[in-house]
Amino acid sequence: MSGIVIIGAGQAGSSLAIKLRTLGYEGAVTLIGEEPYAPYQRPPLSKTYLLGEMALERLYLRPQELYRDHNIELRLAAQVTAIDPVAGVVSLGHETLAYDQLALTTGSTPRLLPEAIGGGLKNVFAVRGLADVDAMRPAFERGGHVLIIGGGYIGLEAAAVAAKRGLKVTLVEMAERILQRVACKETSDYFRDLHQSHGVTLLEGVGLSRLTGTDHVTGAILSNGETLDIDFALVGVGIQPNTGLAEAAGLTLNNGIETNALGQTSEARIWAAGDCASFPYKGGRIRLESVPNAIDQAEVVAENMLGAKKEYHATPWFWSDQYDVKLQIAGLNQGFDNVVARKGDAGRSHWYYKAGQLLAVDAMNDPRAYMVAKRLIEAGKTVDPALAADPSSDLKALLRG
């Protein structure tokens, strides 16, 4: 039995498998995941699930019975050890599984601290999978002092959860400001003020020299010489695409697994989608780490595996929840040369421009600004920055303009 094999049972893998069936594919579909759980949502892990506000059952993307009903074979707690593109087989230890076509939806893995600076101590956590969050939940429930290393969205979301639980929270960011890699200074300023108002200590331009402790982490030495007594640490210093299988199989890598506009890798029968895949975008190449991209790209790949020859055109959007603030992001702000701020009814938004063209928006508790900007960006339109900044201007009129 050959058919289609999908390696990686996350959002992209699940979406791809279901899409194949809804498109009428009748061959064998095998979805392989390393974790012992059916495909589940990852964004709530560092937010509502960690807070105890979401039950495990609600994390699952679909009931496990749905895979059975769609004749999708779920191979959970299974590790693919090799891919042989010539023979068209994948190896799971001593077992081999043949495929007609193969999809890699292997996702990404958090970067960890080196053991030389204490990364191997107990009670040092990273946020990626369900098991990671289950392991750290008791520490959040006990209280105490947590050190969060990294001021990106994962780190800030964890800081918000810890602060809401009443923990003492210190966050260190080696760059000059939090969110420096992904957002403008105005957005960094907004979230710095937000976290400080909830009692979080933010140390920017300060890195971690090492964690201390004999078995469990008990302290930290920072790059500015300051020492801290801590009960646990959480590492949020970015993620890296899971490309090991692809590299060993001889596939071309380029900021992840390189694909063409169809989602096809350098091997014609092998495809990739989600966090692990890079693809052509506006004359360049990008890799998107987001749920919407994982779903949309995987569904296009499913169509193309069945012969559609449909190019994937990404419409990037993202979100983050911190305290009572919902941040919604539309577009990509790469290369911006101007930012204008707009005050909304209950929030605010920051509009990114390059040479007068609207690139992206960060909307904090301002869903109307987000939706208008998103529609403009996806249509390739722009709006005068002065109008975008004027809170008295009618947002709907901007769409008509």
### Task
Step by step, work out the side-chain hydrogen bond (donor to acceptor under 3.5 Å, both in side chains) result for Ser320 and Glu157.
CA-CA 7 Å; Ser320 176; Glu157 288 168 359; 2.7 Å; yes
### Query
Does the side-chain hydrogen bond (donor to acceptor under 3.5 Å, both in side chains) test come out yes or no for Tyr67 and Ser14, once each step is laid out?
CA-CA 9 Å; Tyr67 299 97; Ser14 174; 2.8 Å; yes
### Query
For Val301 and Lys19, what are the C-alpha separation, side-chain angles and deciding distance, and is it a side-chain contact (heavy atoms from CB on, under 4.5 Å)?
CA-CA 9 Å; Val301 165; Lys19 186 67 173 180; over 6 Å; no
### Query
Can Val339 and Lys185 be said to form a side-chain contact (heavy atoms from CB on, under 4.5 Å), step by step?
CA-CA 9 Å; Val339 176; Lys185 180 180 181 299; over 6 Å; no
### Worked verdict on Arg368 versus Ser349 for side-chain hydrogen bond (donor to acceptor under 3.5 Å, both in side chains)
CA-CA 10 Å; Arg368 181 175 296 182; Ser349 54; over 6 Å; no
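Ion pairing between a basic and an acidic side chain is recognised when a charged N comes within 4.0 Å of a carboxylate O; Glu173 and Arg177 show no such pairing. Salt-bridge check for Asp275 with Arg128: passed, with a basic side-chain N closer than 4.0 Å to an acidic carboxylate O.
Ring pair Tyr60/Tyr37: centre-to-centre distance not below 6.0 Å.
Residues Gln264 and Asn304 are not in side-chain contact: their nearest non-hydrogen atoms beyond the backbone lie 4.5 Å or more apart. Side-chain atoms of Tyr49 and Leu130, non-hydrogen and from C-beta on, do get closer than 4.5 Å to each other. You'll find the side chain of Phe140 stays beyond 4.5 Å of the side chain of Val133, heavy atoms only. Between Leu208 and Leu113, the closest side-chain pair of non-hydrogen atoms falls below 4.5 Å. A 4.5 Å side-chain heavy-atom check between Ile7 and Ile83 finds at least one atom pair inside the cut-off. With a 4.5 Å cut-off on side-chain heavy atoms, Trp351 and Val383 count as touching. A 4.5 Å side-chain heavy-atom check between Leu332 and Leu288 finds at least one atom pair inside the cut-off.
More than 12 non-hydrogen atoms from other residues, nucleotides or ligands lie less than 6.0 angstrom from NZ of Lys47. Dense packing is recorded around CG of Asp390, with more than 12 heavy atoms of other residues, nucleotides or ligands lying under 6.0 Å away.
For residues 158-198, the pairs satisfying ring-ring contact (aromatic ring centres under 6.0 Å, His included) are His195-Tyr323, His198-Tyr323, with sequence neighbours left out. Listed by first then second residue, pairs satisfying salt bridge (charged side-chain N to carboxylate O under 4.0 Å, His left out) with a partner in residues 132-151 number zero, not counting sequence neighbours. Every pair tested for salt bridge (charged side-chain N to carboxylate O under 4.0 Å, His left out) that includes a residue from residues 344-356 fails, sequence neighbours excluded, so the list is empty.
In plain terms, the two heavy atoms of Leu121 and Gly213 that are nearest each other are CD2-O, 3.5 Å. For the pair Glu258 and Ser278, the tightest heavy-atom approach, listed with the atom from each and the gap, is CA-OG, 3.7 Å. Nearest heavy-atom pair across Trp271 and Arg269 is CD1-O, 3.7 Å. Between Tyr153 and Leu179, the shortest heavy-atom distance links the atoms CE2-CD2, 3.6 Å. Summarising the geometry of Val340 relative to Ala389, their closest heavy-atom pair is CB-CB, 4.0 Å, with the distance given to 0.1 Å.
With hydrogens and angles left out, the side-chain atoms of Asp362 and Thr187 include a donor and acceptor closer than 3.5 Å.
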